[in-house]
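Comments concern the structure below.
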Amino acid sequence: MWNSHEEAMNRPPRLLRWRSSTEFIIATVWTSFFTDYFLYAMIVPVMPTALVDRASIPYEDREFWVSILLMCEAAVAFLCCPVFGYMLDAAPTRQMPYLLGLIFLGGSMVLLALAHTITLFIVARLLQGAATAMVAVAGLALLTDSVTTNNLGHAIGYLGSAIALGFLLGPLLGGLVYRVAGYQAVFAIAFAMVGIDLLMRIAVIEKTVAKRWMQKPGAVADGPTPSDSLVVQSAESTITASPAHAYRPRKKPAPLLLIIRQPRVLISSGALLVHGLLYSAFDATIPIFVESHFGWTSFGAGMAFLPSALTAFFEPYFGKLTDTHGPRRIALTSFTLLPIPLLCLSLITTASTTHIILLLTLLTIIGLLINLCTPALYLETQQVLDEMEDKEPGIFGPRGAVAQAFALQTMAQFLGLFLGPLWGGFVEWRFGWGVMTFGLAGLVGLTAVFVGGMGAKGVGSGSGSGSGWMSGLGRCCGCGFGRKDYGRGDETGVEDREALLPEEGARVSG
């Protein structure tokens with residue numbers, strides 16, 4: 001009996017090759033992004049009525065509380081990103097934190113389904129913000145672990161299509177089901193989506209875990225064998241680290257502090273902040289603008305965003321362009337052209353057919369240019385990390401800092417989502433539509449100047465690397481840490497995260 005139990009423990013998980021394949025990992029991350037943004041968008045058309053009917057919010061105050069709930073979600077996501085980034089890099093595998101994000105999402109749906117007070121609605125949105133932060137950071141980290149840098153932009157582009165599809169189908173199905181079957185039926189869809197997402201997150205096996213199974217003598221994984229070069233190469237390679245050359249921890253700053261010293265990371269993160277600010281500024285102003293100038297209803301305001309949202313389906317192609325031409329050229333093109341349609345928005349003043357067509361056309365061009373740069377901004381950070389690791393192996397310690405780097409960028413984007421309604425709503429209310437659009441165009445133009453410094457030679461972590469102004473920017477953000485704080489020592493530069501992965505962590509039940 002004991003022998004059979006031991007054999008079962010040493011047997012590879014079922015369908016190991018398929019569950020650890022690049023295709024299945026991308027599909028799992030895609031599903032998690034789609035589920036998160038689908039559920040976020042599904043509740044949007046339901047929330048105003050639900051606050052009045054279930055939480056007894058006065059009708060005239062519903063827009064205020066909807067804005068509060070959106071800002072609460074963005075604020076908690078902003079705060080959770082660095083915590084989750086550290087958790088993901090410190091954990092033996094990405095899977096458990098990844099599942100934690102789904103628990104937050106499921107909990108938020110339960111609270112929203114049961115909520116009859118504004119307090120419960122707020123708590124539910126806070127949990128949903130934490131879930132969104134975990135999905136964004138963990139999903140990008142898992143994707144980076146599974147895809148080569150040469151194809152990373154293309155893979156990140158697919159996530160844009162998941163977000164777009166979630167935003168498109170969420171309000172449509174949420175509003176339709178709410179009208180036909182009522183409030184509780186909306187959350188039946190939510191729980192079904194969470195269930196599908198849960199099955200995929202449990203089934204997925206990280207490549208670091210799969211590699212250890214493939215290296216065991218006589219281990220043969222059952223199931224189909226797709227053409228997954230990463231798994232095959234991992235199975236053929238072995239990790240050797242002798243005691244004399246094993247990784248020796250040294251006193252050094254936290255990886256996140258090393259990352260924020262990199263000007264290119266700061267620039268790409270700042271660009272993502274502007275990226276989020278543009279989105280949320282238009283979310284806060286376009287519905288009011290089309291209602292006051294065109295007399296459109298909330299349905300018409302939602303349809304105004306449809307052409308712009310559809311441009312996200314081009315992100316896989318934009319990611320492929322980034323892989324081919326590099327992130328700097330793509331991002332600089334995007335931010336250089338963006339001020340033009342933003343300035344042209346100020347020309348729209350009447351409800352004529354010409355101005356309506358012009359508004360929809362300009363919003364589509366703006367959406368296209370924003371989505372053009374998204375894969376490039378994330379890929380830039382990964383290239384910086386790769387250059388730092390190549391220049392000084394082991395600089396981030398045994399477990400790396402991929403998740404913390406993406407946490408920093410996701411944090412910047414959520415900060416932009418938080419500030420956008422304040423920027424757009426206040427400026428448009430106080431100074432008018434034209435001043436608001438000119439202000440956004442000026443911000444984007446200023447960002448384009450800094451984006452021109454992306455992709456400069458060197459990583460900006462030491463003296464003499466990168467251009468002069470970029471090195472100065474890195475020193476300003478260096479928090480007093482110099483290169484001497486993390487000397488190379490005896491690091492071997494091997495895959496330390498995989499070498500230190502415990503045997504118990506590699507035993508994933510079939």
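A donor-acceptor contact shorter than 3.5 Å links the side chain of His116 to the backbone of Leu114. Judged by distance alone, the side chain of Thr410 and the main-chain N or O of Ala407 form no donor-acceptor pair under 3.5 Å. Formation of a donor-acceptor pair under 3.5 Å by the Asn371 side chain with backbone atoms of Glu315 is not found in this model. Between the side chain of Gln404 and the backbone N or O of Pro82 there is no donor-acceptor pair closer than 3.5 Å. Counting only distance, with no hydrogens or angles, the side chain of Thr311 and the backbone of Ser308 share a donor-acceptor pair below 3.5 Å. Side-chain N or O atoms of Ser280 include one that pairs as donor or acceptor with a backbone N or O of Gly416 at under 3.5 Å. Checked by atom type and distance alone, the side chain of Gln382 never pairs as donor or acceptor with a backbone atom of Tyr378 at under 3.5 Å. Remark: the backbone N or O of Ala113 is paired with a side-chain donor or acceptor of Gln184 at under 3.5 angstrom. Side chain of Thr28 to main chain of Arg201: no donor-acceptor pair is present (N/O by atom type, distance under 3.5 Å, no hydrogens or angles). In terms of modelled atom types and a separation under 3.5 Å, the side chain of Ser269 and the main chain of Leu266 share no donor-acceptor contact.
Within the 4.5 Å cutoff, the side chain of Thr132 has no heavy atoms near those of the Val76 side chain. Using a 4.5 Å heavy-atom cutoff, the side chains of Ile330 and Phe318 are not in contact. No side-chain heavy atom of Met193 sits under 4.5 Å from any side-chain heavy atom of Met42. Inter-residue side-chain proximity for Leu408 and Ile260 is flagged as met; some heavy-atom pair is nearer than 4.5 Å. Counting only heavy atoms from C-beta outward, the side chains of Arg94 and Asp89 approach each other to under 4.5 Å. Side-chain contact between Asp36 and Asp197: absent, with no pair of heavy atoms (C-beta onward) separated by less than 4.5 Å. In this structure the side chain of Tyr317 reaches within 4.5 angstrom of the side chain of Leu321, judged on heavy atoms. Taking 4.5 Å as the limit, every side-chain heavy atom of Met411 sits out of range of all side-chain heavy atoms of Leu415.
Residues Cys72 and Leu126 share a closest heavy-atom pair of O-CD2, 3.6 Å. For Cys80 against Ala130, the heavy-atom pair with the smallest separation is SG-CB, 4.1 Å. Taking each heavy atom of Pro316 and Gly157 in turn, the nearest pair found is CD-O, 3.3 Å. Across all non-hydrogen atoms, the minimal contact from Ile57 to Trp65 is CG2-CD1, 3.5 Å. When all heavy atoms of Arg328 and Val451 are compared, the pair lying nearest together is CG-O, 4.2 Å. The minimum heavy-atom distance between Thr322 and Ala376, with the atom names listed, is CG2-CA, 3.6 Å.
Residue pairs satisfying the ring pair (Phe, Tyr, Trp, His ring centres under 6.0 Å) criterion with at least one member in residues 260-284, sequence neighbours excluded, are listed as follows: His275-Tyr279. Residue pairs satisfying the salt bridge (Lys or Arg N to Asp or Glu O under 4.0 Å) criterion with at least one member in residues 66-79, sequence neighbours excluded, are listed as follows: Glu73-Arg125.
Here OG1 of Thr447 is found 11.5 Å from CG of Leu332. Values are rounded to the nearest 0.5 Å. The CG atom of Asp145 sits 11.5 Å away from atom OG1 of Thr22, with the distance rounded to the nearest 0.5 Å. Here CG of Leu173 is found 4.5 Å from CZ of Phe38. Values are rounded to the nearest 0.5 Å. To the nearest 0.5 Å, the span separating CG on Leu165 from CG on Leu310 amounts to 10.0 Å. The line from CG of Leu169 to OH of Tyr37 is 16.0 Å long, rounded to the nearest 0.5 Å. The CD1 atom of Ile163 sits 15.0 Å away from atom OH of Tyr158, with the distance rounded to the nearest 0.5 Å.
By the neighbour-count criterion of 12 heavy atoms within 6.0 Å, atom CZ of Arg54 is densely surrounded, having more than that number from other residues, nucleotides or ligands. In this structure, Phe313 places its CZ atom where more than 12 heavy-atom neighbours from other residues, nucleotides or ligands lie under 6.0 Å away.
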Problem - From CA spacing to verdict: side chain to side chain contact (heavy atoms under 4.5 Å, CB included), Val29, Tyr98 - result: CA-CA 10 Å; Val29 177; Tyr98 201 28; 3.9 Å; yes
Exercise for the section: Step by step, work out the side chain to side chain contact (heavy atoms under 4.5 Å, CB included) result for Met388 and Arg261. Expected result: CA-CA 12 Å; Met388 292 177 71; Arg261 293 189 71 243; over 6 Å; no
Exercise for the section: Could you go through the side chain to side chain contact (heavy atoms under 4.5 Å, CB included) check for Leu417 and Leu277 one step at a time? Expected result: CA-CA 5 Å; Leu417 291 172; Leu277 190 147; over 6 Å; no
Handout entry: Working for side chain to side chain contact (heavy atoms under 4.5 Å, CB included), residues Val177 and Val46
Key = CA-CA 10 Å; Val177 172; Val46 176; over 6 Å; no
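With sequence neighbours excluded, the residues that form a side chain to side chain donor-acceptor pair (under 3.5 Å) with Ser161 are Trp30. The side chain to side chain donor-acceptor pair (under 3.5 Å) check on Trp423 picks up nothing, with sequence neighbours excluded. Judged as a side chain to side chain donor-acceptor pair (under 3.5 Å), and not counting sequence neighbours, the contacts of Thr381 are Ser268, Gln409.
Aromatic pair Tyr183/Phe187: ring centres closer than 6.0 Å.
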With a 3.5 Å cut-off and sequence neighbours excluded, list the donor-acceptor pairs that the side chains of residues 134-144 form with protein atoms.
{"unit_1": "Thr144", "atom_1": "OG1", "unit_2": "Leu140", "atom_2": "O", "d": "2.8"}

